[in-house]
> 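Have a look at the structure that comes next, please.
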Amino acid sequence: MAKESWRYDHLTWPEMKARLARKPQPVVAIPIGAVEDHGPHMSISTDNDILEGVLAECGRRAEGDLLILPVIPFGLDEHHMDFPGTIAIDIQTTLAYLAQTAISVARHGFAHILIVNGHGSNASICDLAARECVLKTGMVCASTTVNAAVSPALVQDVLDTERKGGPGSVGHACEYETAMMLHLHPDRVEMGKAYRDVGQLKLKYFNWDYPEPSAYAWQDWWSRFSREGICGDAAAATPEFGRRMFDVTVTRFVEMAREFRAIPIKPRVDHH
Ligand SMILES: [Zn+2]
């Protein structure tokens with residue numbers, strides 16, 4: 001990989017010093033993913049592949065407004081350990097490692113930091129790491145995602161209208177993630193082994209099916225409800241859908257980062 005001006009760790013320290021002094025400062029993105037089963041048809045690198053692919057293009061298009069760390073490749077994954085190859089880091093270690101990464105960035109003087117999650121079960125930890133960074137440094141740190149199967153908020157309108165698999169098609173190793181991989185790394189997808197698995201639990205107050213909300217949060221051991229690690233309609237995925245989701249995600253993420261950067265840091269007021 002050539003030296004990339006948007007890669008945080010490709011800069012020299014004098015170059016980093018210059019970026020810190022730049023007005024406006026770049027937003028620093030800290031991606032964290034996972035190595036875990038993604039069905040019988042995709043490599044266990046899928047979450048990290050989607051993060052890397054989307055964020056690299058965001059970095060290229062942002063013209064200096066984004067600096068992107070290398071992907072932290074492992075996260076909270078004990079619940080996938082029944083599938084060979086998964087790497088599981090516990091809650092406390094993941095939170096501490098991620099928070100200390102963000103706090104390091106903030107201590108150098110970067111004022112706006114985005115933790116970018118690529119794996120659903122990291123979500124609560126990413127929120128807490130961002131909170132810890134704000135409380136310990138006073139900088140503006142938030143958590144987000146570029147993977148619509150983790151949270152579709154950035155691209156929900158396009159996902160809703162353009163997916164083909166219907167209710168339940170987007171979850172994990174699903175129509176969305178398979179399409180993204182067909183676009184980014186078709187060599188890591190075997191569509192002959194992809195199928196539709198949308199038989200997950202659906203109750204009045206709880207369901208796995210995107211996009212209906214559940215009244216409570218619960219995560220089970222994956223081998224208790226998913227036969228081979230698919231949750232959704234992997235067979236409905238196409239490279240065209242992947243390209244479309246990729247493009248809209250990149251465009252909106254860069255726009256979102258620029259909006260985020262405009263959040264002012266106001267002084268605290270001690271009312272004692
Ligand atoms: Zn995934």
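Just so you know, these numbers use all the heavy atoms, side chains as well, and skip hydrogens, waters and symmetry mates. One-based numbering, in listed order, for ligands and for the atoms of each. Nothing fancy with the numbering, it's 1 onward along the sequence.
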> So, do F241 and L182 sit near enough that their side-chain heavy atoms are less than 4.5 Å apart?
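Heavy-atom side-chain distance check fails, nothing below 4.5 Å.
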
> Is any NZ, NE, NH1 or NH2 atom of the basic residue among E255 and R258 found under 4.0 Å from an Asp or Glu carboxylate oxygen of the other?
no

> Between R227 and D197, is the closest basic N to carboxylate O distance under 4.0 Å?
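R227 and D197: not salt-bridged.
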
> One thing to verify: whether R243 and D247 come together as a salt bridge, which I'm taking to mean a side-chain N less than 4.0 angstrom from a carboxylate O.
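R243 and D247: salt-bridged.
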
> Ignoring waters, how many protein N/O/S atoms are under 2.8 Å from the Zn ion (ligand 1)?
4

> Are a donor atom and an acceptor atom from the side chains of H119 and N48 found within less than 3.5 Å of each other?
no

> Does any donor atom in the side chain of T145 or N117 lie under 3.5 Å from an acceptor atom in the other side chain?
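No, because no side-chain N or O of T145 sits under 3.5 Å from a partner of the opposite role on N117.
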
